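To start, the structure under review is shown below, and the notes come after it.
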Amino acid sequence: MAVDTGKTCIGLYCGKTVLFSNGSNETFGECGGCPRGQRTDSYSICRQCMGTPVLYDWLYLGFMGLLPLILHWFFIEWYSGKKSSSAFFQHITALLECTVAALITLLVNDPVGYLHIRSCGVEKLSDWYTMLYNPSPDYVNTVHCTQEAVYPL
C-alpha cells in the first residue's frame, strides 16, 4: 500500500500516529514517538506490532520474571535465621505473589484481558540501543522518539 504522508519524520524511531482510519483513507498526527506496542514502518507511520516473541525474547522475559522471585527468596533466607519455621511459608507466599503479579501484568497490558504478548522484533542493529538514535535536528535540542525500554519488545 503506497502511503503519501507529505514528509517522513526525522530519526529512525519518530513516526506519525494514525488518528483516523476509514478503509484505505488514513489521517495522521504530527511526528513524534510511537505509542507503546507500535513501531515505525518505512513511511514513518506508527504501526501496531503483531509479531510473537522469539526464543531470545522468552529467555529475557523469563529472567526478568524470575529475578524478583529469586531476590525475594534470598532476602527471606537472609533475614529468617537458621531455624525459622515460617521460612517455608514465606517462600510459598513469595512464589504466589510473583506469579499473581506476572499474570495481572499480562492481563492489563495490550491486548487487555488476554495472556498474549506481542513483539516488534529486531530488524536492525539500532533496535538494541534505540536511545542512542534520538534525533537532534538543531544539535542542541533532542527529540525523544524512542521507547522507555532499551529492549525492543
Side-chain angles (χ1 to χ4, degrees), residues 1-78 86-135 142-153:
M1 163 171 113
V3 178
D4 182 24
T5 60
K7 64 180 180 76
T8 58
C9 300
I10 58 171
L12 291 174
Y13 299 99
C14 295
K16 298 177 182 181
T17 55
V18 178
L19 298 176
F20 179 74
S21 179
N22 183 11
S24 62
N25 296 329
E26 293 180 322
T27 306
F28 304 104
E30 296 295 320
C31 288
C34 292
R36 178 178 288 191
Q38 296 184 7
R39 84 165 341 145
T40 58
D41 62 7
S42 59
Y43 301 104
S44 294
I45 298 171
C46 298
R47 300 287 182 195
Q48 186 77 33
C49 297
M50 300 304 289
T52 57
V54 295
L55 176 63
Y56 187 83
D57 298 333
W58 287 114
L59 292 174
Y60 176 80
L61 290 172
F63 171 75
M64 295 308 288
L66 287 175
L67 186 63
L69 179 63
I70 292 169
L71 287 172
H72 271 71
W73 285 349
F74 172 77
F75 284 106
I76 288 169
E77 290 297 322
W78 183 273
S86 66
F88 178 73
F89 177 71
Q90 290 176 349
H91 284 289
I92 298 300
T93 305
L95 176 66
L96 181 66
E97 176 187 350
C98 290
T99 303
V100 169
L103 290 173
I104 290 174
T105 300
L106 287 174
L107 289 172
V108 299
N109 281 306
D110 191 44
V112 178
Y114 295 98
L115 294 175
H116 182 74
I117 298 174
R118 286 187 257 188
S119 173
C120 293
V122 177
E123 295 176 0
K124 50 191 171 251
L125 184 62
S126 61
D127 290 345
W128 291 103
Y129 301 101
T130 58
M131 73 231 171
L132 301 176
Y133 292 91
N134 282 321
T142 301
V143 179
H144 296 280
C145 292
T146 59
Q147 299 296 321
E148 64 276 351
V150 176
Y151 190 72
L153 278 182

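What you see is a predicted model, and the numbers here were worked out from it, not measured in a lab. Values below: all heavy atoms of this structure, side chains included; hydrogens, waters and symmetry mates excluded. When a residue number appears, it is its place in the shown sequence, counting from 1.
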Rounded to the nearest 0.5 Å, how far apart are [atom1] of [X] and [atom2] of [Y]?
X: Ser119; Y: Arg39; atom1: OG; atom2: CZ; answer: 8.5 Å
X: Glu30; Y: Lys16; atom1: CD; atom2: NZ; answer: 7.5 Å
X: Leu66; Y: Trp73; atom1: CG; atom2: CH2; answer: 8.5 Å
X: Ile104; Y: Thr99; atom1: CD1; atom2: OG1; answer: 11.0 Å
X: Thr40; Y: Leu12; atom1: OG1; atom2: CG; answer: 7.5 Å
X: Leu106; Y: Leu61; atom1: CG; atom2: CG; answer: 8.5 Å

Mark yes or no for whether Thr17, through its side chain, and Cys46, through its backbone, hold a donor-acceptor pair below 3.5 Å. no

For Asp41 and Ser44, indicate whether the former's side chain and the latter's backbone hold a donor-acceptor pair under 3.5 Å. yes

Would you indicate whether Leu125, at its atom CG, is surrounded by more than 12 heavy atoms from other residues, nucleotides or ligands within a distance under 6.0 Å? no

Would you indicate whether Phe63, at its atom CZ, is surrounded by more than 12 heavy atoms from other residues, nucleotides or ligands within a distance under 6.0 Å? no

Check: [Y] and [X] side chains under 4.5 Å, non-hydrogen atoms:
X: Arg118; Y: Asp110; result: yes
X: Tyr13; Y: Asp127; result: yes
X: Tyr60; Y: Asp57; result: no
X: Leu115; Y: Leu107; result: yes

Determine if the SG-SG distance between Cys120 and Cys49 falls under 2.5 Å. yes

For the cysteine pair Cys145/Cys34, does the gap between the two SG atoms stay under 2.5 Å? no

Pairing donors with acceptors under 3.5 angstrom, does anything connect the side chains of His72 and Gln90? no

Heavy-atom pair with the smallest gap, counting every atom of Ala87 and Ile76: O-CG2, 4.1 Å

Does Phe28 form a side chain to side chain contact (heavy atoms under 4.5 Å, CB included) with Val18? I'd like the steps, not just the answer. CA-CA 5 Å; Phe28 304 104; Val18 178; 3.9 Å; yes

The complete set of salt bridge (Lys or Arg N to Asp or Glu O under 4.0 Å) pairs with one or both residues in residues 90-104, sequence neighbours excluded, reads none

